[in-house]
Amino acid sequence: MLVSEVFRLQVAKLHLGRPTMRASQQDFENALNQVKLLKKDPGNEVKLRLYALYKQATEGPCNMPKPGMLDFVNKAKWDAWNALGSLPKETARQNYVDLVSSLSSSSEAPSQGKRGADEKARESKDILVTSEDGITKITFNRPTKKNAISFQMYRDIILALKNASTDNTVMAVFTGTGDYYCSGNDLTNFTSATGGIEEAASNGAVLLRDFVNSFIDFPKPLVAVVNGPAVGISVTLLGLFDAVFASDRATFHTPFSQLGQSPEACSSYTFPKMMGSAKAAEMLLFGKKLTAREAWAQGLVTEVFPESTFETEVWTRLKTYAKLPPNAMRISKELIRKNEKEKLYAVNAEECTTLQARWLSEECMNAIMSFVSRKPKL
Ligand SMILES: CCCCCCCCCCC/C=C/C(=O)SCCNC(=O)CCNC(=O)[C@H](O)C(C)(C)COP(=O)(O)OP(=O)(O)OC[C@H]1O[C@@H](n2cnc3c(N)ncnc32)[C@H](O)[C@@H]1OP(=O)(O)O
């Protein structure tokens with residue numbers, strides 16, 4: 001069951017056992033009803049806060065035993081409730097009413113023009129694929145989440161690469177919409193995964209292996225236009241690209257240890273090979289964030305451009321490259337990759353198996369929980 005579904009049921013269930021009337025009880029009850037009418041899903045963090053405030057308002061401080069580490073959903077709920085400490089019931093009730101009121105006003109009655117824009121946004125795709133001037137452009141297009149990669153986006157990218165490998169375009173180029181290139185794996189993939197945790201980890205490992213293999217196998221030149229910060233898998237994948245053009249605003253960050261995880265996308269092999277083991281360890285073990293120029297010095301980036309001329313210079317360059325004889329480029333790429341392919345498949349498989357176990361570890365679960373239960377920014 002999806003986390004969002006768990007919360008919807010939880011809210012419905014809670015309504016069945018309403019508490020006795022008190023001074024602001026009517027407001028509280030109205031708020032409980034309003035929650036059901038929200039037009040927009042407020043997201044897991046807000047739902048956790050609503051849950052915690054409801055429990056505090058109706059039962060007082062957290063009185064449940066702490067769920068086990070593998071019980072993701074109930075542990076997140078317990079953490080949220082427990083974090084309220086000894087907040088008085090009346091304050092919790094007031095906070096609940098205030099929170100619902102702010103959610104209702106932000107999701108209610110926008111002007112006709114605004115509503116049209118919202119609907120369009122909902123219809124828009126998180127991975128945009130276009131082809132022009134012989135170039136398949138694949139854009140991480142989820143700027144409100146810093147282009148974090150959801151399960152659907154992994155699948156969309158696999159499909160886009162598969163199509164681009166046989167269509168009449170000459171190369172594929174990845175870039176991002178907005179201020180980020182990509183913030184890596186969507187960390188809510190962990191809490192939204194269906195089925196049991198072990199099954200989810202196993203499915204995640206299969207998806208990741210197929211995803212990375214689709215980069216290893218891509219037969220045409222593969223270029224990244226890194227328009228801003230890149231995190232996690234969006235950085236490690238760069239080791240499988242043929243060219244990486246970066247804005248001087250871009251940064252490169254692989255905080256795997258901080259997340260209780262381990263490297264993927266063959267970076268445990270490509271990074272030490274490219275930059276030497278000491279520099280690779282700085283990134284992959286200690287999570288050192290590199291500037292664009294540092295990444296260039298380590299061989300991860302082909303060329304750095306000033307932000308002010310980045311788009312114009314890079315796309316002019318790419319359009320020129322796309323006019324080169326396509327078969328010659330493909331054959332040269334095949335020569336470069338041929339002797340590495342088996343090694344890359346093996347490294348990919350091993351990294352995925354290692355990650356599958358990591359995702360079940362307490363270190364990883366704690367890191368994910370602390371991200372998804374971050375306090376919303378004011
Ligand atoms: C059970 C097992 C299933 C496993 C399935 C796995 C599938 C394959 C996995 C492949 C392995 C990949 C590993 C990685 O990529 S590790 C790297 C993961 N990424 C991160 O750790 C980055 C997390 N984000 C941040 O640290 C910050 O958000 C960031 C520095 C990127 C930006 O900070 P800033 O303060 O500028 O902006 P906000 O934090 O306010 O972000 C705006 C909104 O975007 C949301 N956001 C950003 N990044 C992510 C993300 N990676 N996952 C989910 N959501 C993200 C953020 O929450 C804000 O949302 P709200 O406005 O709704 O609060």
Side-chain angles (χ1 to χ4, degrees), residues 2-3 40-49 69-73 103 106 126 140 142-155 157-158 176-215 228-238 249-268 283-284 287 289 348 351-361 363-378:
L2 291 172
V3 174
K40 219 172 91 184
D41 184 327
N44 287 343
E45 282 167 33
V46 173
K47 283 186 275 197
L48 274 177
R49 176 115 185 110
M69 287 307 301
L70 297 185
D71 191 355
F72 263 31
V73 173
L103 292 172
S106 68
D126 293 340
F140 298 110
R142 203 184 170 207
T144 54
K145 298 288 177 189
K146 308 290 184 194
N147 297 329
I149 312 174
S150 63
F151 283 124
Q152 189 56 46
M153 289 163 76
Y154 284 108
R155 291 190 281 265
I157 291 171
I158 293 173
T177 300
D179 59 341
Y180 261 65
Y181 173 67
C182 172
S183 63
N185 184 41
D186 184 332
L187 294 176
T188 67
N189 285 341
F190 289 90
T191 51
S192 67
T194 48
I197 178 71
E198 273 161 18
E199 185 191 347
S202 164
N203 293 340
V206 171
L207 177 66
L208 178 60
R209 197 197 55 213
D210 292 350
F211 177 74
V212 173
N213 277 343
S214 68
F215 286 79
V231 187
I233 191 164
S234 71
V235 176
T236 51
L237 279 173
L238 298 176
R249 211 172 52 74
T251 52
F252 300 82
H253 192 200
T254 48
F256 299 129
S257 299
Q258 289 84 338
L259 291 166
Q261 297 186 38
S262 51
E264 77 286 283
C266 299
S267 58
S268 61
M283 287 191 80
L284 300 178
K289 190 196 285 186
N348 182 26
E351 288 177 345
C352 292
T353 309
T354 307
L355 262 175
Q356 183 179 338
R358 280 278 88 210
W359 291 330
L360 302 177
S361 72
E363 288 178 345
C364 176
M365 289 188 194
N366 283 339
I368 301 302
M369 280 310 148
S370 86
F371 180 81
V372 296
S373 55
R374 285 186 314 174
K375 287 207 172 59
K377 285 180 184 158
L378 293 176

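For ligands, and for the atoms within them, numbers begin at 1 and follow the listed sequence. Residue numbers count from 1 along this sequence.
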(request) Could you list the atoms of ligand 1 found under 4.0 angstrom from a heavy atom of Gly184? (result) 15 (O)
(message) Quick check on contacts: which atoms of ligand 1 are under 4.0 angstrom from a heavy atom of Tyr154?
(response) 8 (C), 9 (C), 10 (C)
(message) Closer than 4.0 Å to some heavy atom of Ala148 - which atoms of ligand 1 meet that?
(response) 49 (C), 50 (C), 51 (N), 52 (N)
(message) Pairs of nitrogen or oxygen atoms closer than 3.5 Å, one from Gly204 and one from ligand 1: do any exist?
(response) no
(request) Give the contacting part of Glu264 toward ligand 1: side chain, backbone, both or neither, where contact means a heavy-atom distance below 4.0 Å. (result) side chain
(message) For atom 31 (C) of ligand 1, which of the options Phe151, Tyr180, Phe190, Trp359 provides the nearest non-hydrogen atom?
(response) Tyr180
(message) If you take the nearest heavy atom of each of Lys146, Gln356, Arg209, Arg358, which one is closest to atom 36 (O) of ligand 1?
(response) Lys146
(request) Take every heavy atom of Arg374, measure it against each atom of ligand 1, and state whether any distance is under 4.0 Å. (result) yes
(message) Under 4.0 Å, heavy-atom basis, I'd like to know which part of Ser183 is in contact with ligand 1: side chain, backbone, both or neither.
(response) both
(message) Working to the nearest 0.5 angstrom, can you tell me the gap between Phe190 CZ and Asn185 CG?
(response) 5.5 Å
(request) For residues 201-213, pull every pair meeting side-chain hydrogen bond (donor to acceptor under 3.5 Å, both in side chains), keeping only residues two or more places apart or in separate chains. (result) Asn213-Asn348
(request) Write down the atom of Gly184, the atom of Ser234, and the distance for their closest heavy-atom approach. (result) N-OG, 4.3 Å
(message) Heavy atoms only, cut-off 4.0 Å: how does Leu208 contact ligand 1, side chain, backbone, both, or neither?
(response) side chain
(request) For ligand 1, indicate whether the residue Phe211 contacts it via side chain, backbone, both or neither (heavy-atom separation under 4.0 Å). (result) neither
(request) Using a strict 4.0 Å cut-off to heavy atoms of Gly232, name the atoms of ligand 1 that fall inside it. (result) 14 (C), 15 (O), 16 (S), 17 (C)
(message) Once you restrict to heavy atoms under 4.0 Å, what part of Thr144 touches ligand 1? Side chain, backbone, both or neither.
(response) backbone
(message) Going by the rule side-chain contact (heavy atoms from CB on, under 4.5 Å), which residues pair with Thr354 if we only count those two or more places apart in sequence or in a different chain?
(response) Ser262, Glu350
(request) Could you tell me whether Arg142 and Asp186 make a salt bridge, using a distance below 4.0 angstrom between a side-chain N and a carboxylate O? (result) yes
(message) I need the minimum non-hydrogen distance between Tyr181 and Ala230, along with the two atoms involved.
(response) CD2-CB, 3.7 Å
(request) Please work out which of Asn185, Thr236, Asp186, Thr188 has its closest non-hydrogen atom nearest to atom 18 (C) of ligand 1. (result) Asn185
(message) What's the separation between atom OG in Ser267 and atom CZ in Phe256, rounded to the nearest 0.5 Å?
(response) 5.5 Å
(request) Ignoring hydrogens and angles, tell me if any N or O in the side chain of Glu351 forms a donor-acceptor pair with the backbone of Ala265 under 3.5 Å. (result) yes
(request) Compare every heavy atom of Ala250 with every heavy atom of Gly228, then report the nearest pair and how far apart it is. (result) O-CB, 3.5 Å
